[in-house]
Q: 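Sharing a structure here in structure tokens format.
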Number of protein chains: 2
Amino acid sequence: MMADKVTSAEVAARAGVSQSAVSRVFTPGASVSKKTAEKVRKAAAELGYRPNVLARAMVSGKSRIIGLVVAYLENQFYPSALEKLSNALQQRGYHVLVFMASQTSGSIDNVMDEILDYQVDGIVTASVAMSSDITSRCLAAGVPVVLFNRSQDIEGITSVTSDNFAGGRKVAEFLVAGGHTRPGYIAGWEGASTQRDREAGFRQGLATAGIPLFAREVGDFHTERARQAARAMFGGAPETRPDCVFIANDHMALAVMDVLRFELGLRVPEDVSVVGYDDVPPAAWPAYDLTTVRQRANLMVEETVAALMEHIETPQTAAPRRVEIDGPLIPRGSARRPMNLPLEGRNT
Amino acid sequence: MMADKVTSAEVAARAGVSQSAVSRVFTPGASVSKKTAEKVRKAAAELGYRPNVLARAMVSGKSRIIGLVVAYLENQFYPSALEKLSNALQQRGYHVLVFMASQTSGSIDNVMDEILDYQVDGIVTASVAMSSDITSRCLAAGVPVVLFNRSQDIEGITSVTSDNFAGGRKVAEFLVAGGHTRPGYIAGWEGASTQRDREAGFRQGLATAGIPLFAREVGDFHTERARQAARAMFGGAPETRPDCVFIANDHMALAVMDVLRFELGLRVPEDVSVVGYDDVPPAAWPAYDLTTVRQRANLMVEETVAALMEHIETPQTAAPRRVEIDGPLIPRGSARRPMNLPLEGRNT
DNA sequence: TTGAAAGCGCTAACAG
DNA sequence: CTGTTAGCGCTTTCAA
């Protein structure tokens, strides 16, 4: 009833027109008479014909595939971003080809080569650092790249992030206003721009208030290492402990809260205020109620797609840009709030 | 330094061989002399040549692309499955093209058509039901389909799930052994085979023990609806409340626990035992410590990939199968345990 | 507006 | 083992 693979030639034969006529009917801006179009559509419907995207890609040079490099999906920020990104692209007729940049599959450069093999129209890298070598390879191949949630100091590469520096500073101001005097910081992977900027903003905020950083550990954006960092930072005597801690992302912050409350028996926020970054879904769960800086994933995705489309459709006029999206600090129960101070104090 | 798009012809010219020789060098099982291979590789390296996967796909009929249909990534079970799946396929030279089957992009059938347009070698659908119409269209197109985490009664379609019936029964046995006598159940979306099988197993386990189902609500695998279900089930007077509840997946169970503890002020497990299904990462977090049935995602992915490869590589000998993978019940703190009963009792 | 013809970059017989 | 020759299914000039 339905042929294995219907070609435009078969449709043409049935409709009594040329093969190119069929092609035109399925090409948005082509000129076909109503009559022809009708005949062709009818024949196509009867045969169950649909254009072969790959063949179209070959000749047109546009695959309508966007390569997405992602390192891991454990941090909930990424699945939700991926979902939004995929939806946004789908709406514009593009689709996402996923490349995991994990340990097993060799270095990131290999992955990028594989992507290029698929003749993708663009590449989005989520939280992955790129060598300038591979970057220029993409440029040479004419494939636009957008760094998502990472920026890089390389010449002219487009990146979309939240305003991490401002975010870090907001956290410092919030904690200072809350009356904290011994701030701790648990860093993410030190190679990441997000980590660097969040810390720099945080430190500047503290400096402005004249408060020194009381403790610092590294969690590498990794839950288990974040737990160790928390133990190192809070395992000692009360006077050696920070009275608040900013953790470079929620993914680690949730793990840290677990250690604080269930392992070390500390109360949050009475004994220690905790602030994260990202505002992933679990941060809002009552069991954590984590104060955090929101990354506006919707906006970030929008900007990413916009930049991509611009570079794909009008490469000549498209300039690389570095987008930084401001996000609000969301006060929740895991950190003492400025307003509450005079009312509640600490009853310990 | 690096041409925009290097073709095999250019490599051939530089190496002083025919274009087909180049093709052979980059085709695993081809016969080329060492000398030729060397010359070609050298020229290719100098030019930065890599075969065009799309062109290869066109002529060979194999795109090495697997279409993945997924509805939403909010439930943590899916991102981790996606990550594993993508990794496993990547290792075999395949890649995943993502299709979100969400609201906006029309019905699932449209999505399947789009997938077919890309000449994918296979399709994995995660928690999506397929009409038998579209199923046969795939079969007609010779594209193998594997249902992941869903099974279907359609003729000969391959599916990979956990043993949901056995899992549901295990929960019943566990709760009954724990001394519970008023079991509640919060269902997932009733159109899902997973929901049906889990409930059927649960009910059979209860029936065997001679205990009737005390309450039932529907949460549709949706957190907000699960919360409403929890309120409906536990909002009344103590004697109208179940003493334990099995929730069709962890995604909902976590939300239900929040309502129970933070909204209704019930203690878990003292006032009510809670059991979920999936064993997503947050289930193990101390703040929830959710008793649940583990879905062995690793095994499920392995079986999915194995089935896919078999159907792709040897379609004639590959028979459709229905794989059900047994998973253990993981006892944690959210449910009273059988062993603890005589020791602890209830101190209310 | 339409059809004929020329490829996109590659693989796969087919002779040699 | 190697080169020659056909296409894969489609878009796109180019004439008509």
Side-chain angles (χ1 to χ4, degrees), chain A residues 3-41 43-44 47-65 93 116-121 141-143, chain B residues 3-41 43-44 47-65 93 116-121 141-143:
Chain A
D4 193 76
K5 233 100 193 189
V6 186
T7 69
S8 58
E10 295 173 292
V11 176
R14 178 178 254 261
V17 299
S18 75
Q19 182 269 324
S20 16
V22 176
S23 173
R24 288 194 190 94
V25 172
F26 287 93
T27 303
S31 66
V32 228
S33 69
K34 266 202 156 173
K35 236 172 295 185
T36 311
E38 211 162 296
K39 279 193 295 185
V40 169
R41 289 195 192 290
L47 261 32
Y49 168 79
R50 309 204 99 225
N52 180 331
V53 175
L54 262 35
R56 174 177 286 176
M58 269 224 65
V59 45
S60 70
K62 258 74 258 307
S63 63
R64 304 201 79 86
I65 294 177
L116 260 11
D117 293 348
Y118 277 90
Q119 311 299 116
V120 296
D121 290 346
V143 179
Chain B
D4 194 78
K5 234 98 191 191
V6 186
T7 70
S8 58
E10 295 174 292
V11 176
R14 178 177 254 263
V17 299
S18 75
Q19 182 270 327
S20 20
V22 177
S23 173
R24 287 193 191 95
V25 172
F26 287 92
T27 304
S31 66
V32 226
S33 70
K34 265 201 156 171
K35 237 171 295 187
T36 311
E38 212 162 294
K39 279 192 295 185
V40 170
R41 287 195 193 290
L47 263 33
Y49 168 78
R50 310 204 100 225
N52 180 331
V53 175
L54 264 35
R56 175 178 285 174
M58 270 227 65
V59 45
S60 69
K62 256 75 255 309
S63 64
R64 304 201 78 87
I65 294 177
L116 259 12
D117 292 349
Y118 277 90
Q119 312 299 117
V120 297
D121 290 346
V143 179

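In what follows, every chain begins at residue 1, and chains take the letters A, B, ... in the order their sequences are listed.
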Q: Over all heavy atoms of both residues, which pair between E10(A) and K5(A) is shortest? Give the atoms and the distance, please.
A: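 Heavy atoms of E10(A) and K5(A) come nearest at OE1-O, 3.5 Å.
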Q: Note down the inter-axis angle between the two ends of the helix from dT1(C)-dA16(D) to dG16(C)-dC1(D), five pairs each, to the nearest 10°.
A: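 It works out to 30° between the end axes.
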Q: Mind jotting down which residue pairs meet the side chain to side chain donor-acceptor pair (under 3.5 Å) criterion with at least one end in residues 54-63 of chain A? Sequence neighbours excluded, please.
A: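 The answer is S63(A)-D121(A).
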Q: Please report the closest heavy-atom contact between Y49(A) and T7(A), naming both atoms and the distance.
A: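 For Y49(A) and T7(A), the tightest heavy-atom pair comes out as CE1-C, 3.5 Å.
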Q: Can you give me the first and the last nucleotide of DNA chain C (5' to 3') that has an atom within less than 4.0 angstrom of a non-hydrogen atom in chain A?
A: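 That gives a stretch of dT1(C) to dG9(C).
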Q: Among residues at least two apart in sequence or on other chains, which ones pass side chain to side chain contact (heavy atoms under 4.5 Å, CB included) with V120(A)?
A: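 For V120(A) the side chain to side chain contact (heavy atoms under 4.5 Å, CB included) partners, ignoring immediate neighbours, are I65(A), I115(A), Y118(A), I123(A), V143(A).
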Q: Tell me which residues in residues 29-36 of chain B lie within less than 4.0 Å of DNA chain C, going by non-hydrogen atoms.
A: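 Per residue number, the list is empty: none.
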Q: If I compare all heavy atoms of Q19(B) with all of S8(B), which pair ends up nearest, and what's the gap?
A: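 Residues Q19(B) and S8(B), closest heavy atoms: NE2-OG, 2.9 Å.
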Q: Please list, chain by chain and in numerical order, all residues satisfying salt bridge (Lys or Arg N to Asp or Glu O under 4.0 Å) with R24(A), sequence neighbours excluded.
A: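 Per chain and number, R24(A) pairs via salt bridge (Lys or Arg N to Asp or Glu O under 4.0 Å) with no residue.
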Q: Given R50(B) and L116(A), is the side-chain contact (heavy atoms from CB on, under 4.5 Å) satisfied, shown in steps?
A: CA-CA 9 Å; R50(B) 310 204 100 225; L116(A) 260 11; 5.8 Å; no
Q: Taking only residues two or more places apart in sequence or in another chain, which ones pass salt bridge (Lys or Arg N to Asp or Glu O under 4.0 Å) with R41(A)?
A: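 Salt bridge (Lys or Arg N to Asp or Glu O under 4.0 Å) list for R41(A), sorted by chain: empty.
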Q: Which heavy atom of L47(B) sits nearest a heavy atom of V6(B), and at what distance?
A: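 Where L47(B) meets V6(B) most closely, the heavy atoms are O-CG2, 3.2 Å.
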Q: Do nucleotides 8-16 of chain D as a string where each nucleotide becomes B, S or -: B if the base has a protein heavy atom under 4.0 Å, S if just the sugar-phosphate does, - if no protein is that close.
A: BBBBBB---
Q: Could you pull out every donor-acceptor pair under 3.5 Å between side chains of residues 25-35 of chain A and any protein atom, sequence neighbours left out?
A:
| residue | atom | partner | partner atom | Å |
| --- | --- | --- | --- | --- |
| T27(A) | OG1 | S23(A) | O | 2.8 |
| S33(A) | OG | T36(A) | N | 3.2 |
| S33(A) | OG | T36(A) | OG1 | 2.7 |

Q: Could I get the full list of side-chain hydrogen bond (donor to acceptor under 3.5 Å, both in side chains) partners for Q119(A), not counting sequence neighbours?
A: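 side-chain hydrogen bond (donor to acceptor under 3.5 Å, both in side chains) check on Q119(A) returns nothing, list empty.
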